[in-house]
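Data block below; observations after.
Naming convention: chains lettered A, B, ... in sequence-line order (proteins, then strands); numbering from 1 in each chain. Not measured: the values here are computed from a predicted model.
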Protein chains: 2
Amino acid sequence: MPDEIHAEAVEAPQGDVAADAVADRLRERISRGELPPGTPLRDAALAGELGVSRNTLREAVRLLVHEGLAVHQLYKGAAVKRLDVADVHDIYAARRCVELRAVEESVYSPTEALENLDRRVTEAERAAAAERWNEAGTFSLGFHRAVVHLLGSARLDRFFDTTAAQLRLAFAEFPQEQDFQAQYVPRDRVVCDLLRSGGRAEAATALRQYLDDSERQVVDMVRAAAAARQN
Amino acid sequence: MPDEIHAEAVEAPQGDVAADAVADRLRERISRGELPPGTPLRDAALAGELGVSRNTLREAVRLLVHEGLAVHQLYKGAAVKRLDVADVHDIYAARRCVELRAVEESVYSPTEALENLDRRVTEAERAAAAERWNEAGTFSLGFHRAVVHLLGSARLDRFFDTTAAQLRLAFAEFPQEQDFQAQYVPRDRVVCDLLRSGGRAEAATALRQYLDDSERQVVDMVRAAAAARQN
DNA sequence: CTAGCAGGATTGTTCATCAAAATTGAGCCC
DNA sequence: GGGCTCAATTTTGATGAACAATCCTGCTAG
């Protein structure tokens, strides 16, 4: 019998510590756009809201800053990171590096791993067909994550995750714009099929184009967001 | 007039907060092997030693855990990470991905950036000639960092830094073994010169061999350390 | 209208406290 | 002697209150 439950129920997501759990919840909120870029993360308020002490919350926020999801100014506290154009270029440079390499090395991947790719794209296609755009975008990123996973490095997987989480900040400012991203699902399909049929070089070319186009679009979004902010 | 100075003088390394400064100092200590892998990071003791509160120290340790320099067990605290063979494979998979990609993309790099590579190798050579092996190893890693830097992504640079810091954990267990690493300096030179002369493919091949050999050696080191621990 | 100055709010950091779990060690049984 | 139990001690995880330093805001004075 729950005697008293705080604003948001306190379920331990990991077999781990409170600060990590809090960080998870903040990450989640940020990624769904609930805490849009620029939102100040005031520790007293958030601590109360999440039912933890200010100290614990501060630890969590520090992790987010370390992950690049928030920025910090001395005596001014933390705020959800706002991507600028340079960030987007940086993120896509990182994606190109990791994803293209993964494609090139995919010859060594077991077919089982390649089947996994197919599953992700199929998920994304289903979501797109049902016009659940947001979900389609998530699954699409899942496909790219699976591509990186071909390299077999947990550290690279983690790096991709944090980078992708940062990229979501761009969409978080423009929730409706996520629809646009769904247009990339067919191109995921192309890359996926080329990979499975061994068309390594073609897959790399297609993926590079994909990333270039996507980058351009996200840059435009970020610029638009900056302009809208100026109004 | 310093009225009272704590065990280790408290200079703010960043224009930032105490926890980050403490994390820096712990990182430094770990990387120079002063806190060898397996060392428990007891917060009361370290907090006293560094002249900060237990809370602040805990924030710093959590950052180290997040970076993979320490591991954490609930109710058992944190300890300096001890690399296992899987970690080494993982780290080298990441290095191959990032460094080889950098070499392949180096065609687009300004010659000025390539000159920077040369400077690093020269530093390493000088240190090796003077038989300052430890320093030579540091400069050698600096060369590889500069290679990654060709990709122009601050995020990839950071990723390489944390990965390299983890790799140092292997050497931290065997301080004397750093000598062996110095033997790689001539091979850095080869890769560097091939890059500057535009021998992109050859540079990639040489670098891949380099990484394979280095990985083998580090794996052996880790195995030896595990065996020695068993004694 | 602007400069500057209170006063309140927020941050950065420390300290003291408490429960929960791990570790230690003494005593005990076989 | 070897191995076990169980209590005392230590360490961790987390909280709440305190305080100085800095910021923000709104008011006043010129």
Side-chain angles (χ1 to χ4, degrees), chain A residues 2-27 35 37-66 69-82, chain B residues 2-26 35 38-66 69-82:
Chain A
D3 48 347
E4 62 161 337
I5 293 196
H6 286 294
E8 295 185 30
V10 209
E11 35 159 89
Q14 318 254 28
D16 217 297
V17 277
D20 292 332
V22 172
D24 280 347
R25 291 214 269 155
L26 289 177
R27 253 188 297 265
L35 295 173
T39 308
L41 301 171
R42 287 195 220 295
D43 40 14
L46 278 178
E49 197 172 338
L50 298 179
V52 297
S53 79
R54 196 157 78 95
N55 269 322
T56 301
L57 183 111
R58 286 175 126 277
E59 288 186 35
V61 168
R62 201 173 296 286
L63 287 180
L64 295 189
V65 170
H66 200 255
L69 289 180
V71 292
H72 189 170
Q73 279 182 288
L74 192 59
Y75 288 111
K76 295 180 73 177
V80 179
K81 163 98 180 158
R82 188 172 266 155
Chain B
D3 48 347
E4 60 161 338
I5 294 198
H6 287 292
E8 295 186 31
V10 210
E11 34 158 89
Q14 318 254 27
D16 215 298
V17 277
D20 291 333
V22 172
D24 280 348
R25 291 215 270 155
L26 290 177
L35 295 172
T39 308
L41 301 171
R42 288 196 221 293
D43 40 14
L46 278 178
E49 197 172 338
L50 299 179
V52 297
S53 80
R54 200 156 75 93
N55 268 322
T56 301
L57 184 112
R58 286 174 126 280
E59 288 186 34
V61 168
R62 202 175 297 285
L63 287 181
L64 295 189
V65 170
H66 200 255
L69 289 180
V71 291
H72 189 173
Q73 278 182 287
L74 192 60
Y75 287 109
K76 295 181 75 176
V80 179
K81 162 99 181 160
R82 189 171 265 155

*Taking all atoms of both residues into account, what is the closest heavy-atom pair of A:A60 and A:V22, and its distance?*
CB-CG1, 3.5 Å
*Can you tell me the distance, in whole Å, between the CG atom of A:L41 and the C1' atom of C:dT11?*
13 Å
*For A:E59, answer base if it contacts any base atom (sugar-phosphate contacts may also be present), sugar-phosphate if it contacts only those atoms, and nothing otherwise; contact means non-hydrogen atoms under 4.0 Å.*
nothing
*Starting at atom CG of A:L57, determine the distance to atom P of D:dG13, rounded to an integer number of angstrom.*
18 Å
*Sugar-phosphate, base or nothing in reach of B:R58, heavy atoms under 4.0 Å*: base
_I need the minimum non-hydrogen distance between A:V80 and A:P37, along with the two atoms involved._
CG1-CA, 3.6 Å
*Taking the nucleotide of DNA chain C with the closest heavy atom to each, which residue, B:N55 or A:G77, is nearer the 5' end?*
A:G77
_My understanding is that only residues two or more places apart in sequence, or in another chain, count here; which of them pass side-chain hydrogen bond (donor to acceptor under 3.5 Å, both in side chains) with B:N55?_
none
*Taking only side-chain nitrogens and oxygens of B:T56, does any of them come within less than 4.0 Å of OP1 or OP2 of C:dG12?*
no
_So, does A:H72 get its side chain near the phosphate of C:dT11, meaning an N or O under 4.0 Å from OP1 or OP2?_
no
*Taking the side chain of A:A18 as its heavy atoms from C-beta onward, which of D:dT15, C:dT11, D:dA14 lies nearest to it?*
D:dA14
*Distance in angstrom units between B:R62 CZ and D:dT12 C1', rounded*: 11 Å
*Could you state the atom-to-atom distance from CG of A:D43 to C1' of C:dT13 in whole Å?*
12 Å
*Can you check each nucleotide of nucleotides 18-25 of chain C against protein heavy atoms at under 4.0 Å and return B for base, S for sugar-phosphate only, - for none, in 5' to 3' order?*
--SSSS--
*asked:* Tell me the interatomic distance from A:Q73, atom CD, to C:dG12, atom P, rounded to whole angstroms.
replied: 10 Å
*Select one nucleotide: of D:dG13, C:dT14, D:dT12, the one nearest the side-chain heavy atoms of A:V17.*
D:dG13
